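Since we're looking at a predicted model, the values are computed, not measured. Proteins get letters first, then strands, A, B, ... in listed order; numbering begins at 1 in each.
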Amino acid sequence: MSEANKQQGLMEKLTALAKRRGFIFQSSEIYGGINGFWDYGPLGVELKRNVKNAWWHDMVTTRDDMVGLDCSIIMNPRVWEASGHLGGFADPMVDCKQCKGRFRADKVWAVKVQSKAGVQVLGVEADDEPHARQAAEPALAKIAKKQGSADVLEVLSADVTLLQPDLAAAFACPSCGQMTLMPARKFNLMFKTYVGAIESENSVAYLRPETAQGIFANFKNVVDTSRVKLPFGIAQIGKSFRNEINPRNYTFRSREFEQMEIEFFCRPNESAKWYEYWRDLRHKWYTNLGLKSSNLHLREHGKEELAHYAAGCADVEYEFPFGVSELEGIANRGDYDLTRHQEFSGKDLTYFDDEAKERFVPHVIEPSAGVDRTCLALLCEAYEEDEVEGEKRTLMRFHPRIAPLKAAVFPLVKKEGMPEVAKAIYRDLKANFPVYYDEKGAIGRRYRRQDEAGTPVCITVDGQTLQDQTVTVRDRDSLQQVRIDKSRCLAYLKEKMGLI
RNA sequence: GCGGGUGUAGCUCAGUGGUAGAGCGUCACGUUGCCAACGUGAAUGUCGUGGGUUCAAGUCCCAUCACCCGCUCCA
């Protein structure tokens, strides 16, 4: 089997396990599902919550220079004009049915030529009409030589097919020359809705395509109310929506997804330093969750990849079975966003630096992470098959910090008072963490069931417990068992999770 | 969006136009003395969905939806 096939097999096994154990379900599955939307089941929601809590704990709670925020999903549409989401990303495109090429509609031109042989259409790709005519010249010369004359009747941009789709038949593909272009379509990836009961042009609104803009829009509010001083960050976790053309790779590219974003504001002359700081810190953070550093890559964007306003950008990438893909982007966005919002809102978004006695628009570093992508990476990373005494075993090697269940408690057998002791331990632990109690069937089966859920330890009450108050603690990864006093269970778990 | 593939029980999958199945899992009872033990029994199906052909459709035809792969896209 090739490496690619093996990797593909891994995704299939992983999606089967995720379904079987209640990590991830297809959204509205009983109605046939809906493309690009996913639900988290009982184990999945714990995993996801653990990821978000770890991020919030590490990026907000334990830091002195960060405050949190939770913005609405629907905002004044002017926000998206200022951010550029409404303008530049709605370029109409045309596709060729024949050669599968895709072109920006305003760059595809039809040059209609009249000769003795009749009217024919030349398809060219050019920035504007003069360039289109220029590009058509060699072909024109050829026709003129053959037919004696070649007169240009009309030069048309494929833009017109946006309003008049039937005109698409009058265009030739600039790549293959066939008359097989489809009408232009807009690729605006924001979900549109209407605010209020009446659907009119004035009531159009959008579901946010990123959480970041809510932070910029509230910059002044936070500065005015929170006594923050540069450099400081504003953090937010929340849902975002993008009407992706082609959702793919399980939950990796969904139309509804959750982001963990920070806008870290700093003095302009310190932005390069802070950019490096956040890039490296965020890269390292994923290893704390249990992602192997050999599967994590930090990829610095080349100059040609950068947005015009960005001074630097790096992606934290993970080696998924379906390829190396982005978990988080860290960008040095300069003062672009605040300046834009200042222009569009007419409100002053400058910061007054009391030390230097000067007023300026802060620069910003944006570490923007995907919650669902991180969860998917953790699932991929954790999945493992090994062999125990000749039997195949499937287990999820989650770091105890993010494991959905922290422990399971079993009586070795369902008699002699063992269930009562086990239940008491379970109640005690359950008050602190998600813990599972199970007394059904053979002990081996119960262990294996927890292995698939990724539960780090199983605590078993046996005959000896009744004598000396000790229980066995079985480790998911090593299968080693140790005896500890039953009163130490909580401390043992906390230690495992790195809490003490 | 284009092309190819797939869709039957919770999972993995058999199923020749003629009574919907298996393995695993789940549940109940019994048994149990540390790694998917055993016995007995049980539940679970819009055969993705909607049409059509046929005496009869899981099976043939059409449409549609979802998933996977390749291209494309990815602020």
Task: Residue met sooner reading RNA chain B from 5', once A:F37 and A:K440 are mapped to nucleotides - done: A:K440
Task: Residue list, side chain to side chain contact (heavy atoms under 4.5 Å, CB included) with A:D335, at least two apart or on another chain - done: A:T339, A:V361, A:H363
TODO: Using the P atom as the reference point in each nucleotide, state the distance between B:G58 and B:U16 in Å, no decimals.
DONE: 13 Å
Task: Atom pair distance, as rounded to whole Å: CG in A:D39 and P in B:C67 - done: 12 Å
- [ ] State whether A:K415 places a side-chain N or O below 4.0 Å from either non-bridging phosphate oxygen (OP1 or OP2) of B:G33.
- [x] no
- [ ] State which residues pass ring pair (Phe, Tyr, Trp, His ring centres under 6.0 Å) with A:F264; sequence neighbours excluded, sorted by chain then number.
- [x] A:W274, A:W278
Task: Side-chain-base donor-acceptor pair under 3.5 Å for A:Y447 and B:C34 - done: yes
Open item on the list: So A:G36, base contact, sugar-phosphate only, or nothing? Heavy-atom distance under 4.0 Å.
Closed with: sugar-phosphate
Open item on the list: By the 4.0 Å heavy-atom rule, please label A:Q450 as base, sugar-phosphate, or nothing.
Closed with: nothing
Task: C1'-based separation of B:A43 from B:C27 [nearest Å] - done: 7 Å
Open item on the list: Expressed as a whole number of angstroms, how long is the span from A:F25:CZ to B:C67:C1'?
Closed with: 17 Å
Task: N-O pairing of A:R279 and A:E300 below 4.0 Å - done: yes
Open item on the list: Under 4.0 Å, heavy atom to any atom of RNA chain B: which of residues 476-486 of chain A qualify?
Closed with: A:L479, A:Q481
Open item on the list: Tell me the interatomic distance from A:E439, atom CD, to B:C29, atom C1', rounded to whole angstroms.
Closed with: 14 Å
- [ ] Using only heavy-atom distances, decide whether a donor-acceptor pair under 3.5 angstrom links the side-chain of A:R248 to the base of B:G70.
- [x] yes
Task: Gap between atoms CZ and P, on A:F252 and B:C73 respectively (whole Å) - done: 16 Å
- [ ] Record whether the side chain of A:R474 comes under 3.5 Å of the base of B:C35 through a donor-acceptor pair of N or O atoms.
- [x] yes
- [ ] Indicate, with a heavy-atom threshold strictly under 4.0 Å, whether A:R393 touches base, sugar-phosphate, or nothing.
- [x] nothing
TODO: State which residues pass ring pair (Phe, Tyr, Trp, His ring centres under 6.0 Å) with A:F252; sequence neighbours excluded, sorted by chain then number.
DONE: A:F320, A:F322
Open item on the list: Does the plane of the ring in A:F265 sit parallel, tilted or perpendicular to the ring in A:F216? Use 30° and 60° as the thresholds.
Closed with: perpendicular
Task: A:N35 (side chain) and B:C65 (base): donor-acceptor pair under 3.5 Å - done: no
Task: Proximity to the side chain of A:L412 - top-ranked nucleotide from B:C11, B:G33, B:C35 - done: B:G33
Open item on the list: Counting the atoms with a prime plus P, OP1 and OP2 as sugar-phosphate, which does A:T15 contact under 4.0 Å by heavy atoms, base, sugar-phosphate, or nothing?
Closed with: nothing
Task: Euclidean distance, atom CD of residue A:E452 to atom P of B:U12 [Å, nearest integer] - done: 12 Å
Task: Rounded P spacing from B:A42 to B:U6 in Å - done: 37 Å
Open item on the list: Distance check, P atoms only: B:G48 and B:A75, in whole angstrom units.
Closed with: 38 Å
Task: Between B:A37 and B:C71 - P atom distance, rounded Å - done: 44 Å
- [ ] Looking at every strand, decide which applies to A:Y250 at a 4.0 Å heavy-atom threshold: base, sugar-phosphate, or nothing.
- [x] sugar-phosphate
Dump the pairs, protein N or O against N or O of nucleotides 37-46 of chain B, anything under 3.5 Å, distances to one decimal.
unit_1: B:A37; atom_1: OP1; unit_2: A:R445; atom_2: NH2; d: 2.9
unit_1: B:U46; atom_1: O4; unit_2: A:I30; atom_2: O; d: 2.4

- [ ] Could you name each residue pair satisfying ring pair (Phe, Tyr, Trp, His ring centres under 6.0 Å) that touches residues 370-396 of chain A, not counting sequence neighbours?
- [x] none
TODO: Starting at atom CZ of A:F23, determine the distance to atom C1' of B:G10, rounded to an integer number of angstrom.
DONE: 15 Å
Just distance, no hydrogens or angles: give the donor-acceptor pairs under 3.5 Å from side chains in residues 404-415 of chain A, sequence neighbours left out.
unit_1: A:K406; atom_1: NZ; unit_2: A:P400; atom_2: O; d: 2.9
unit_1: A:K406; atom_1: NZ; unit_2: A:R401; atom_2: O; d: 3.1
unit_1: A:K406; atom_1: NZ; unit_2: A:A403; atom_2: O; d: 2.8

Task: Salt bridge A:R393-A:E452, side-chain N to carboxylate O under 4.0 Å - done: no
TODO: Not counting sequence neighbours, which residues clear side chain to side chain contact (heavy atoms under 4.5 Å, CB included) with A:R49? List them please.
DONE: A:V45, A:N53
- [ ] Return the set of residues passing side chain to side chain donor-acceptor pair (under 3.5 Å) with A:E317 (not counting sequence neighbours), or none when no residue passes.
- [x] A:R299
Open item on the list: Once you apply a heavy-atom cut-off of 4.0 Å, does A:E416 come out as touching a base, just sugar-phosphate, or nothing?
Closed with: base
Open item on the list: For the residue pair A:S368 / A:E261, report whether a side-chain donor-acceptor contact shorter than 3.5 Å exists.
Closed with: yes
Task: Whole-Å P distance, B:C35 and B:A28 - done: 23 Å
- [ ] Salt-bridge test for A:E258 and A:K48: reply yes if a basic N is under 4.0 Å from a carboxylate O, no otherwise.
- [x] yes
Task: Nucleotide pairing, RNA chain B (Watson-Crick or G-U, distances under 3.5 Å), in dot-bracket with [ ] and | - done: (((((((..((((....[..)))).(((((.......))))).....(((((..]....))))))))))))....
Task: Interatomic distance, A:R449 CZ vs B:A36 P [rounded to whole Å] - done: 13 Å
Open item on the list: Is A:N249 close enough to B:C69 that one of its side-chain N or O atoms is under 4.0 Å from OP1 or OP2 there?
Closed with: yes
Open item on the list: Can you check the distance between B:C2 and B:G52, where both ends of the measurement are the C1' atom (answer in whole Å)?
Closed with: 28 Å
In residues 480-492 of chain A, what donor-acceptor pairs under 3.5 Å come from side-chain atoms, sequence neighbours left out?
unit_1: A:Q481; atom_1: OE1; unit_2: A:T472; atom_2: OG1; d: 3.4
unit_1: A:R483; atom_1: NE; unit_2: A:T470; atom_2: OG1; d: 2.8
unit_1: A:R483; atom_1: NH1; unit_2: A:D462; atom_2: OD2; d: 3.0
unit_1: A:R483; atom_1: NH1; unit_2: A:Q464; atom_2: OE1; d: 3.4
unit_1: A:R483; atom_1: NH2; unit_2: A:D462; atom_2: OD1; d: 2.9
unit_1: A:R483; atom_1: NH2; unit_2: A:T470; atom_2: O; d: 3.1
unit_1: A:R483; atom_1: NH2; unit_2: A:T470; atom_2: OG1; d: 3.1
unit_1: A:D485; atom_1: OD1; unit_2: A:S487; atom_2: N; d: 3.1
unit_1: A:D485; atom_1: OD1; unit_2: A:S487; atom_2: OG; d: 2.7
unit_1: A:K486; atom_1: NZ; unit_2: A:Q469; atom_2: OE1; d: 3.0

Open item on the list: Rounding to an integer number of Å, can you tell me how far A:K19 NZ sits from B:G7 P?
Closed with: 16 Å
- [ ] For nucleotides B:G18 and B:U26, find the distance between their C1' atoms and express it as a whole number of Å.
- [x] 33 Å
Task: A:E256: partners by side chain to side chain contact (heavy atoms under 4.5 Å, CB included), with sequence neighbours left out - done: A:F37, A:K239, A:F241
